[in-house]
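Working notes, beginning with the structure itself.
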Amino acid sequence: MQTEIESAASFWLKYIPDGTLTGDKKEALRQALVSVLTDKYTGHWHPERTTQGSGFRSVSNWRRLDSVFVEAGDEAGVPLAVLERLLPRDVVVWCDPYNVTYRVGDHGTVYTIYEDKRLLIDSMKKTMAERASKSSGDFVISAYTTPVVIRSADGVEVARRGGQSPGKDIRRTNAMSPLRQVTYQEMAAPVAGNGKAAG
């Protein structure tokens, strides 16, 4: 959590031009912002479900300063008017486990400030596997091991990431069911008038 919070705090403070605050004041503001964010995120940090609570953890300067800036400014002795004047406007920062991103404007592109891809992918695999095991759907995702294999309820392999498709014959996706892989032999079988393969 500390790495993500430090990244978010540094992002905001890099927009305060040198000379507008003394070095000591700027460092005091950074430390206060880290402290306020740490307090805010305690109990709302979910490494196993990285997007859970993302809205709560967002920090923005959208029409008015976020309360974390007001509190950090008070702690560091930086007037609110200075922060309103110096911090960039219409910016939202999302500080999530393993991933810190920001967006400028309502419909802007989301950019990455910090990312730990390995831990983020591991967390996403576990989340997908948990969701699939709790659902009553047709597909089960086995994500705890690599490669990730997706199977339908009847055992037909749907997709495999990171390895060869099973079996010796070449497989191709059926246009009618994009998730089910069928062999070329199945696709080449003559089709009867009722839509079933003749056989």
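Quick note: numbers below take in every heavy atom, side chains included, and nothing from hydrogens, waters or symmetry partners.
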Min side-chain heavy-atom separation Glu6-Arg30 under 4.5 Å = yes
message = Counting neighbours of CG on Asp106 that are heavy atoms of other residues, nucleotides or ligands and sit closer than 6.0 Å, is the number greater than 12?
response = yes
inquiry  = Can a donor-acceptor pair be found, under 3.5 Å and without considering hydrogens, that links the side chain of Arg57 to the backbone of Cys95?
reply    = yes
note = Value for OG (Ser7) from CD1 (Ile113), rounded to nearest 0.5 Å, stands at 7.5 Å
inquiry  = Give me the atom names and distance for the closest heavy-atom approach of Gly55 to Ser58.
reply    = O-OG, 2.7 Å
task = With side chain to side chain contact (heavy atoms under 4.5 Å, CB included) as the test, would you mind laying out the steps for Thr101 and Val93 before giving the verdict?
result = CA-CA 6 Å; Thr101 55; Val93 173; over 6 Å; no
message = Treating Glu4 as the side-chain partner and Tyr98 as the backbone partner, does any N or O pair qualify as donor plus acceptor under 3.5 Å?
response = yes
query = Distance from Thr112 atom OG1 to Lys117 atom NZ, nearest 0.5 Å?
reply = 8.0 Å
query = After noting the C-alpha distance and the side-chain angles of Val70 and Asp74, does the key distance pass the side chain to side chain contact (heavy atoms under 4.5 Å, CB included) rule?
reply = CA-CA 6 Å; Val70 176; Asp74 285 346; 4.2 Å; yes
query = How close do Leu87 and Asn61 get, heavy atom to heavy atom, and via which atoms?
reply = O-ND2, 3.4 Å
Verdict with supporting geometry, Thr42 and Met1, side chain to side chain contact (heavy atoms under 4.5 Å, CB included) = CA-CA 9 Å; Thr42 300; Met1 180 167 80; 4.2 Å; yes
task = Taking Ser35 for its side chain and Gln31 for its backbone only, find out whether a donor-acceptor pair lies under 3.5 Å.
result = no
request  = Say whether Leu80 and Val91 are linked into one hydrophobic cluster, either directly or through other cluster members, by side-chain heavy-atom distances under 4.5 angstrom.
outcome  = yes
query = What distance do Leu37 atom CG and Ile5 atom CD1 have between them, rounded to the nearest 0.5 Å?
reply = 6.0 Å
request  = Tell me whether Val68 is reachable from Trp94 by hopping between hydrophobic residues (I, L, V, M, F, W, Y) whose side-chain heavy atoms are closer than 4.5 Å.
outcome  = no
remark   = Heavy-atom nearest pair, Val92 first then Ser60, reads CG2-CB, 3.9 Å
query = How are the rings of Tyr102 and Phe11 set relative to one another: parallel (under 30°), tilted (30 to 60°) or perpendicular (over 60°)?
reply = tilted
query = Would you say Asn99 and Asp116 make side-chain contact, with heavy atoms under 4.5 Å?
reply = no
Spacing of Lys40 atom NZ and Leu33 atom CG [to the nearest 0.5 Å] = 10.5 Å
task = Calculate, to the nearest 0.5 Å, the distance between atoms OG1 and OH belonging to Thr20 and Tyr15 respectively.
result = 14.5 Å
request  = Can you label the angle between the Trp45 ring and the Tyr41 ring as parallel, tilted or perpendicular, going by 30° and 60°?
outcome  = parallel
task = Would you kindly confirm whether Val59 and Trp62 end up in one hydrophobic cluster when ILVMFWY residues are joined by side chain heavy atoms under 4.5 Å apart?
result = no
key: Donor-acceptor pair, side chain of Arg103 and main chain of Gly105, under 3.5 angstrom   = yes
Spacing of CD belonging to Glu75 relative to CG belonging to Leu29, to within rounding of 0.5 Å = 10.0 Å
task = Search all heavy atoms of Leu13 against all heavy atoms of Lys26 and return the closest pair with its distance.
result = O-CE, 3.3 Å
query = So, for Leu86 and Pro17, which heavy atoms are closest and what is the spacing to 0.1 Å?
reply = CD2-CD, 4.0 Å
task = Inspect the surroundings of OH in Tyr111 and state if more than 12 heavy atoms from other residues, nucleotides or ligands are less than 6.0 Å away.
result = no
query = Is Asp90 reaching over with its side chain to a backbone N or O of Val104, donor-acceptor style, under 3.5 angstrom?
reply = no
